[in-house]
Amino acid sequence: MKIEVLGTGCAKCTTLYENTRQALQESGKSAEVVKVQDIPTIMKYGVMSTPALVVDGQVKVSGKVATVAEIVGLLS
Amino acid sequence: MLKDLADDLVFTTLGMDPRSPLGEALDFFIYDTVKIFLLLTTIVYVVAVIRSYFSPERTRRILSHNREYVGNVLAALLGIVTPFCSCSAVPLFIGFVESGIPLGVTFSFLISSPMVNEVALIMLWGLFGWKIATIYIVSGVLVAILAGIVIGRLEMERYVQDYVWEIKVGASEIQERSFREKLADARDYTVSLLRKIWPYVVVGIGLGAFIHGYAPEDLLLRYAGRDNPLAVPVAVIIGVPLYSNAAGIIPIVQALMEKGLPIGTVLAFMMAVTALSFPEAVILKNVLKTRLLATFFGTVAVAIIVVGYLFNTIL
């Protein structure tokens, strides 16, 4: 599984990244988590409000910091 | 009813003298705090639910069917209800211009969105009454429309960073959230927003309550009062480098109003602080060449000054 956290480096994006890591830890799943800060790549996903969470190429959350519980739900 | 509760608490339970300055100030402070937090909680929540129906994607769809003028007006109005965070300014800008929305219309949105929002509205309404809140919204929308039209007329498309035109925006495939999820999102948003802004709100109300009988205002009034024709531009020039959200600026606005500064000058200051800032310039530099960035700041500053004078004259 590959998880991408899209955002141009604002505080909210960092929080989403941390939440994602914690969600993985809590659910005991393993995945590659990467921060995507490059604008053309963010735009490729059609995302206009960051931070956004992309799981295996699919935009799951956009424009809000998903909570740990929400991400756990998304991953299962 | 709230007033009775505050009176009861301060004058009966605490046994303070209703005529003493401290008792009066405390009564005022408790009443205002309760009132504004009730307003904030309710309205921020309701607005968050409404906003969930105006995603940036939908706003883009609406605007891409409209040309200048009508587009500028729509963009300024949609800026009020579309959720926006300055950290999303770059993807939003690219998404807009890529879908064919004229540059000037895009700017109308970018100006109104951070400047006119529900927190500013509620704070102004709660502290100064609905008239001033309405004036703020109307002037914010006016500034956004005017500045957007001017920038559009200047035809500065070539001063957008070149790579922007080459980006292909992918099809947005984000699922629409269910009503239940929207309510949950709105609740989360309200909680996190209140957690972030409550200290500013309390300080603002506190300043308002305790500044009442505060020292002479001569100095400020001499330099920024009605008699000084340059007060509005000076307020805007001071406001631009300051960076704050609507909640953070209200304590200062409160103090300035208490000192008797004219409303147009104070609103111009507040708009300059929320609409223009160095951090925003740094973010927008990613998509705008220096010349367009400078034009954007200059046009908005001039529009704010014009609106400031307008309100100083008619009120």
Side-chain angles (χ1 to χ4, degrees), chain A residues 1-23 26-27 31 33-76, chain B residues 48 51-52 54-61 63 82-99 101 106 109 113 161 163-177 181-182 184-189 191-193 196 279-280 282-287:
Chain A
M1 190 159 48
K2 187 179 179 190
I3 302 177
E4 290 160 286
V5 178
L6 315 186
T8 42
C10 55
K12 284 184 183 174
C13 316
T14 318
T15 317
L16 182 61
Y17 181 78
E18 298 303 331
N19 285 359
T20 310
R21 300 225 78 131
Q22 206 183 328
E26 279 181 18
S27 61
V33 188
V34 282
K35 281 188 196 174
V36 177
Q37 304 196 333
D38 160 62
I39 295 164
T41 319
I42 295 177
M43 298 312 297
K44 204 183 70 197
Y45 285 113
V47 164
M48 283 204 297
S49 30
T50 55
L53 193 72
V54 176
V55 181
D56 286 333
Q58 263 209 319
V59 183
K60 294 290 188 189
V61 182
S62 164
K64 65 170 253 174
V65 179
T67 60
V68 175
E70 271 178 279
I71 305 173
V72 170
L74 282 174
L75 298 177
S76 59
Chain B
R51 278 188 168 177
S52 66
F54 289 88
S55 64
E57 287 76 16
R58 174 168 295 177
T59 294
R60 179 175 65 164
R61 256 198 319 277
L63 292 180
T82 310
F84 175 79
C85 152
S86 61
C87 51
S88 299
V90 168
L92 195 111
F93 180 88
I94 298 175
F96 273 28
V97 295
E98 200 262 357
S99 71
I101 297 174
T106 304
F109 180 86
S113 202
Q161 300 283 7
Y163 81 95
V164 169
W165 304 111
E166 283 149 30
I167 290 182
K168 281 277 154 286
V169 179
S172 170
E173 40 181 90
I174 304 151
Q175 264 188 342
E176 177 87 8
R177 317 255 299 158
E181 285 171 321
K182 284 182 174 184
D185 287 350
R187 192 197 54 219
D188 291 350
Y189 175 78
V191 171
S192 77
L193 185 81
K196 198 167 70 186
E280 205 198 348
V282 172
I283 292 171
L284 286 176
K285 188 74 186 60
N286 283 306
V287 282

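Note that this is a predicted model, so its numbers are computed, not measured. Below, read A as the first sequence line, B as the second, and so on, with proteins coming before strands; counting in each chain starts at 1. The basis for the numbers below is simple: all heavy atoms, side chains too, and nothing from hydrogens, waters or symmetry mates.
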- Would you say the side chain of A/Asp56 lies within less than 4.5 Å of the side chain of A/Lys2, judging by non-hydrogen atoms? yes
- For B/Ile167, is it the side chain, the backbone, both or neither that has a heavy atom under 4.5 Å from a heavy atom of chain A? side chain
- Validation row: B/Arg60, B/Ile101 side chains within 4.5 angstrom (heavy atoms): yes
- Measure distances from B/Tyr163 to the heavy atoms of chain A and classify the residue's part below 4.5 Å as side chain, backbone, both or neither. side chain
- B/Pro56 and A/Ser49 have their tightest heavy-atom pair at CG-OG, 3.6 Å
- Query: Do you know which of B/Val287, B/Asp185, B/Asp188, B/Ile283 has the most heavy-atom pairs with chain A at a distance under 4.5 angstrom?
  - Reply: B/Asp185
- For A/Lys12, what residues pass the salt bridge (Lys or Arg N to Asp or Glu O under 4.0 Å) criterion, not counting sequence neighbours? none
